[in-house]
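As structure tokens, the structure follows; a few thoughts come after it.
Hydrogens, waters and symmetry mates play no part in the numbers below; they use all other heavy atoms, side chains included.
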Amino acid sequence: IPIIPQALPKLPLPSLSDTLATYLRCMKHLLTEEQFNQTQNLVKQFGAPGGVGELLQNKLVEKREKKANWVYDYWLNDMYLKNRLALPVNSSPAMVFPQQNFKAPIDSLRFAAHLISGVLEYKALLDAHALPVDYARGQLSGTPLCMEQYYHLFTSYRLPGPDKDTLVAQKSNVMPEPEHIIVACKNQFFVLDVVINFRRLNERDLLTQLEKITKMAGSEDEPVPPIGLLTSDGRTEWAQARSVLMKESTNRDSLDMIERCICLVCLDEPNGTEQSDATRAAMMLHGGGPGTNGGNRWYDKPMQFILGADGCCGVVCEHSAFEGIVLVQCTEYLLKYMTGSPSKLVRAASVSELSAPRRLRWKCSPEIQKLITSSADKLQRSYCKTYPLSNQIVSILSVRKIHILAFFILLTRRPVSTYESASTRRFQKGRVDNIRSATPEALAFVRAMTDKKLNLSKMEMLRCAINAQTKYTVLAITGMAIDNHLLGLREMASEMKIEKPAIFTDKAYLISNHFILSTSQVPTTVEMFCCYGPVVPNGYGACYNPQSDHIIFSVSSFLESLETSSAEFVKCLVQGLLDMKDLCNNCNSVSNLVEGGKNPSAEMKMQTEIENKTSQKISESNTKQQRNPPVMVKSTKLTFPEE
């Protein structure tokens, strides 16, 4: 059973000395000299023989012996379950499907029925443990990967709590497997049974039931409270609201049906705006706010498929249960199923006289109504903006430097702490660790690219930056990076009720975990793109999707922040791509001349002159109007809410 292959090793535990040395190297160029000297002293104290660091490390060694994955619980709590921010934008990523051309209302329901049929096919593979094992690609390719995350797609739920949420796994020997999905329509929720009398509904039956749901949703005479808005609030606020809801048995029944369902299918109203990548991304991430489809959601479920009557379709996921690659693999299966498997709306073996789907009812006290209003206000007030764009590829190996170069051009020539996720699924229960992309070598390269006075070989510096990135990537995917280890040491101190060591209250540690640049590579093999929000108020979310002849970037920032601008970041991103393209092309020209027998020293001089001209172009672009890039920016504005 390929859930956690027993052949997979346990996640290793790096040595304390290696982690502390790497930590100092990662932070030195991000700190002032005074800050670094203080941090260096604290690190020395923490790592001293017989000191608190050694004690905590020994406890982690013991924990590793007892657990399948020593950092899993620490990581899950810190990254997700203890995070009190609202899920939309702050935590939940979305995949945006290609725009659909629905000519009539029935077309969107046919699409929904076909999609649900694909979901049930995929779930059948999971239930039979027939999903093939993934193997690593890229660095150290060919290694089998842990498959556990896939089995959370349709069988888990994030339950809100006052201080910490709970990731509930619904598979048990006591409760039956869920055999229903929840359909959201006009802010109402309906139970759609997909298995009746031990038979799975065919596509015609699913369409029939969806038609009934849309008629029922449109025939409700009394105003329906948008209960789903409560799930868009901060986690503590939602936990408190849920406690109030639970006082009524009607509400308890409705909550139980939603929490145990396979997934949600949200039938959205047209959003009333011109369709673009940006507006479609907004619909996926937050439904366009409370005035559009913001209440037509239930954010605690791992998988919500959004199907708009205007052809705006995609999926938003609750991220604590699985990583982006699992979401990609599932959605790619579904889109390929829908294009490769013709819609089967005519089939003889139909379930006769299907009962109408059940509408979930709610008893809303004045207190609940007030909480819904509060949740709606928060969703309406806070926004962020993003710019999806595509550009020609410079180099897959160098693309991770683009974000750093863009940020460096944009701001006051300062490096910032950067997050780049790296999978640790080579190990049992593996999730991710952080690739610290903002290396000293990356800083040296972007300085050379933006300072015309530096007479250096920029191509060689780019190679050094790529090599440094590659080395750290290998550390991260083999479980030897620093972020999870430092987290484990910090949480072990808390577990042992030891006063938090000074290394974790030091300003350097706070800076190291304030990820102004949150980046992630989410490659796809079918037409769709991923988007998500920043992880800090003054930061950027920068998702990128390398394709064979172009790269898709999705950049986001919060509108309320005076320190960020997605529009300016995108301009600098494009500028960085063009300048790196010029650098690579010019260096290739020099290499061809050298290979043709020309004077190497003369040609190297030419290369330096070309590189200096490239730097001059960049410098000029910071003081003059930016040149129009030969790229297509698909959107100029997108708003997302922030808790």
Side-chain angles (χ1 to χ4, degrees), residues 10-24 26-27 39 42-43 45-48 50-85 91 146 148-149 158-167 235-236 319-321 323 417 419 421-425 427-436 475-476 478-515 518 535-536:
K10 287 186 175 183
L11 183 73
L13 179 66
S15 73
L16 182 62
S17 59
D18 284 350
T19 289
L20 295 181
T22 303
Y23 174 59
L24 289 176
C26 288
M27 295 306 299
T39 299
L42 293 176
V43 167
Q45 293 171 19
F46 183 75
V52 66
E54 192 173 280
L55 170 65
L56 298 174
Q57 177 76 357
N58 290 337
K59 289 295 182 181
L60 287 180
V61 170
E62 294 176 12
K63 188 179 184 74
R64 184 178 182 273
E65 292 299 315
K66 299 173 184 176
K67 294 277 191 177
N69 186 309
W70 61 268
V71 81
Y72 179 83
D73 291 332
Y74 291 155
W75 177 89
L76 185 65
N77 288 334
D78 181 72
M79 182 70 82
Y80 296 112
L81 303 185
K82 289 184 178 179
N83 192 326
R84 299 291 84 198
L85 294 176
S91 178
C146 179
E148 183 187 37
Q149 294 175 41
R158 181 162 168 177
L159 187 68
D163 303 308
K164 172 190 163 186
D165 292 356
T166 303
L167 183 58
R235 302 307 291 171
T236 297
H319 208 348
S320 68
E323 299 306 324
S417 191
Y419 188 94
S421 60
S423 173
T424 57
R425 286 176 58 211
F427 307 100
Q428 294 179 40
K429 296 178 72 70
R431 292 293 299 260
V432 296
D433 205 338
N434 178 26
I435 303 170
R436 290 202 163 261
L475 282 181
T478 56
M480 302 302 286
I482 65 171
D483 283 68
N484 282 352
H485 190 194
L486 290 172
L487 170 66
L489 293 165
R490 188 192 77 193
E491 292 304 298
M492 180 56 75
S494 174
E495 202 172 282
M496 296 177 67
K497 297 185 170 31
I498 294 175
E499 182 181 356
K500 184 180 287 189
I503 186 177
F504 300 120
T505 58
D506 180 33
K507 188 172 184 180
Y509 187 70
L510 302 179
I511 291 172
S512 77
N513 285 281
H514 189 80
F515 295 113
S518 176
V535 297
V536 295

Checking the side chain of Arg436 only, and the main-chain atoms of Ser512 only, is there a donor and an acceptor separated by less than 3.5 Å? yes

Would you check if the side chain of Thr505 reaches a backbone N or O of Ala502 as a donor-acceptor pair within less than 3.5 Å? yes

Note, Ile435 side chain near Tyr419 side chain (heavy atom, < 4.5 Å): no

Using the side chain to side chain contact (heavy atoms under 4.5 Å, CB included) rule, take Leu81 and Thr166 through it: C-alpha gap first, then chi angles, then the decisive distance, then the call. CA-CA 7 Å; Leu81 303 185; Thr166 303; 5.9 Å; no

Rounded to the nearest 0.5 Å, the CG atom of Asn83 sits from the OG atom of Ser320 at a distance of 11.0 Å

Under a 4.5 Å cut-off applied to non-hydrogen side-chain atoms, are Tyr80 and Leu167 in contact? no

Given 3.5 Å as the limit, does a donor-acceptor pair link the side chain of Thr478 with the main chain of Leu475, or not? yes

Taking Arg425 for its side chain and Cys146 for its backbone only, find out whether a donor-acceptor pair lies under 3.5 Å. yes

Return the set of residues passing ring pair (Phe, Tyr, Trp, His ring centres under 6.0 Å) with Tyr23 (not counting sequence neighbours), or none when no residue passes. none

If you count every heavy atom of other residues, nucleotides or ligands that lies below 6.0 Å from Lys59 atom NZ, does the total exceed 12? no

With heavy-atom distances below 4.5 Å as the criterion, would you say the side chains of Asn69 and Trp75 are in contact? no

side-chain contact (heavy atoms from CB on, under 4.5 Å) against Leu55, all qualifying residues, sequence neighbours excluded: Met496, Ile498

Test item: side-chain donor near acceptor, Asp506 and Thr39, under 3.5 Å: yes

For residues 64-76, pull every pair meeting salt bridge (Lys or Arg N to Asp or Glu O under 4.0 Å), keeping only residues two or more places apart or in separate chains. Lys67-Asp73

Start with the C-alpha distance between Leu85 and Arg235, add both sets of side-chain angles, then the distance that settles side chain to side chain contact (heavy atoms under 4.5 Å, CB included), and finish with yes or no. CA-CA 6 Å; Leu85 294 176; Arg235 302 307 291 171; over 6 Å; no

Within the side chain of Gln149, is there an N or O that forms a donor-acceptor pair under 3.5 Å with the backbone of Gly430? yes

Please lay out, stage by stage, how Asp165 and Leu159 fare under the test side chain to side chain contact (heavy atoms under 4.5 Å, CB included). CA-CA 6 Å; Asp165 292 356; Leu159 187 68; over 6 Å; no

To the nearest 0.5 Å, how far apart are CG in Asp433 and CE in Met480? 11.0 Å

In Å, rounded to the nearest 0.5 Å, how long is the span from OH of Tyr509 to CG of Leu42? 13.5 Å

Go through the structure and list residues passing side-chain contact (heavy atoms from CB on, under 4.5 Å) with Thr22, not counting sequence neighbours. Cys26, Tyr472, Ile482

All heavy atoms of Leu60 vs all of His485, minimum pair found to be CD1-CD2, 4.1 Å

Counting distance only, does the side-chain N/O of Asp18 pair as donor-acceptor with the main-chain N or O of Pro14 below 3.5 Å? no

Does Asn77 use its side chain to pair, donor to acceptor, with the backbone of Lys164 at less than 3.5 Å? no

Rounded distance (nearest 0.5 Å) linking atom OG1 of Thr424 with atom NZ of Lys429: 11.5 Å

Apply salt bridge (Lys or Arg N to Asp or Glu O under 4.0 Å) to Arg84 and Asp163, showing your working. CA-CA 8 Å; Arg84 299 291 84 198; Asp163 303 308; over 6 Å; no

Quick check: do Lys10 and Phe427 have side-chain heavy atoms less than 4.5 Å from each other? no

Give a yes or no answer on whether the side chain of Ser421 reaches the backbone of Val432 with a donor-acceptor pair at less than 3.5 Å. no

Between the CG atom in Leu56 and the NZ atom in Lys63, the distance rounded to the nearest 0.5 Å is 12.5 Å

Tell me if a side-chain donor or acceptor on Gln428 pairs with a main-chain N or O of Leu11 at a distance below 3.5 Å. no

Do Ser417 and His514 have side-chain atoms, one donor and one acceptor, less than 3.5 Å apart? no

Mind checking side-chain contact (heavy atoms from CB on, under 4.5 Å) for Glu491 and listing every partner two or more places apart, or none if nothing turns up? Tyr74, Lys82, Leu487

Stepwise, does the side chain to side chain donor-acceptor pair (under 3.5 Å) test hold for His319 with Ser91? CA-CA 7 Å; His319 208 348; Ser91 178; over 6 Å; no

Please report the interatomic distance CD1(Ile511) to CE(Met27), rounded to the nearest 0.5 Å. 5.5 Å

With sequence neighbours left out, write down each residue that passes side-chain contact (heavy atoms from CB on, under 4.5 Å) with Ser17, or none if nothing qualifies. Ser15

